[in-house]
Amino acid sequence: MSARRALVLVGLLALAACGEANMTEQDRADTWDRNEFFPRSMTMRQPVAGTVPRVDPAREMPQPATITAAMLDRGAERYGIFCSPCHGKSGNGRGMIVERGFPAATVLSDDRTRAMRAAEIYRAIGQGHRAMYGMAQMIPSADRWAIVAYIRALQTSQNAEVASLPEADRARLEALR
């Protein structure tokens, strides 16, 4: 029995002698290092099959060359989610957040905003402007461009002359009166 106790005591003393694990002082390999442990001596490995790579939503992409109906539909949906609470559904700057006391939002159909280049509106969505927070981490680049396209459609719709509308649209407007 005493030999067993002595063995346990020696084991406990050995464990007590172990130092605290310190991850900053352990061996590691950088991405491009040579590593004999892996085949072809490469530290950099292919991702495991079936994994999804993380794409940074804040990464900017160039302005699309054309605006499609699908892009406008996506922009309208994303505008309704991210922009209308402050800017209002029509872009009048009187969304529900503003109505509850938050600082007034930019009126998207005013002359100053109309004069902005699309890239400036895109940048304002991503990086923020005045009291508006930057939304780049929440709204992917393609969606920011879709929102810009939708804002341009809102601006056009709010200052359109009735005479410039197609006959079918003018008839519908007359029916509403």
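This one's a predicted model, so the numbers in the text were calculated from it and none came from an experiment.
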Which pair of non-hydrogen atoms, one from [X] and one from [Y], has the smallest distance, and what is that distance?
X	Y	result
Phe82	Met135	CD2-CE, 3.8 Å
Val98	Ala105	CG2-N, 3.8 Å
Arg117	Arg152	C-NH2, 3.5 Å
Gly80	Pro85	O-CD, 4.0 Å
Thr66	Met71	O-SD, 3.9 Å
Gln63	Ala118	NE2-CB, 3.6 Å

(request) Please determine if Glu174 and Arg172 form a salt bridge, counting it only when a charged side-chain N lies under 4.0 Å from a carboxylate O. (result)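 Salt bridge: no.
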(message) If the threshold is 4.0 Å, N to carboxylate O, is there a salt bridge linking Glu77 and Arg74?
(response)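 Salt bridge between Glu77 and Arg74, a charged N being under 4.0 Å from a carboxylate O: yes.
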What distance do [X] atom [atom1] and [Y] atom [atom2] have between them, rounded to the nearest 0.5 Å?
X	Y	atom1	atom2	value
His129	Gln127	NE2	CD	12.0 Å
Glu36	Thr43	CD	OG1	9.5 Å
Ile147	Leu154	CD1	CG	11.5 Å
Ser90	Leu108	OG	CG	9.0 Å
Tyr79	His87	OH	NE2	6.5 Å
Ile125	Arg144	CD1	CZ	8.0 Å

(request) Look at the side-chain heavy atoms of Ile, Leu, Val, Met, Phe, Trp and Tyr, link any pair under 4.5 Å apart, and say whether Ile139 and Met61 land in one connected group. (result)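 Yes, because Ile139 and Met61 connect within a single hydrophobic cluster, where side-chain heavy atoms sit under 4.5 Å apart.
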(request) Determine, using the 4.5 Å side-chain heavy-atom cutoff (strictly less than), whether Ile151 and Met138 are members of one ILVMFWY cluster. (result) yes
(request) For Arg114 and Gln155, indicate whether the former's side chain and the latter's backbone hold a donor-acceptor pair under 3.5 Å. (result) yes
(message) Strictly distance-based, threshold 3.5 Å: is any side-chain N or O of Thr113 a donor or acceptor partner for the main-chain N or O of Val107?
(response) yes
(message) For Arg59, is the CZ atom crowded, meaning more than 12 foreign heavy atoms sit under 6.0 Å from it?
(response) no
(request) Take atom CZ of Phe102 as the centre, draw a 6.0 Å sphere, and report whether it contains more than 12 heavy atoms from other residues, nucleotides or ligands. (result) yes
(request) Say whether Ser141 and Glu60, considering side chains only, have a donor N or O and an acceptor N or O under 3.5 Å apart. (result) no
(request) May I ask you to decide if the ring planes of Trp145 and Tyr122 are parallel, tilted or perpendicular, using 30° and 60° as cut-offs? (result)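 The rings of Trp145 and Tyr122 lie parallel, inter-plane angle below 30°.
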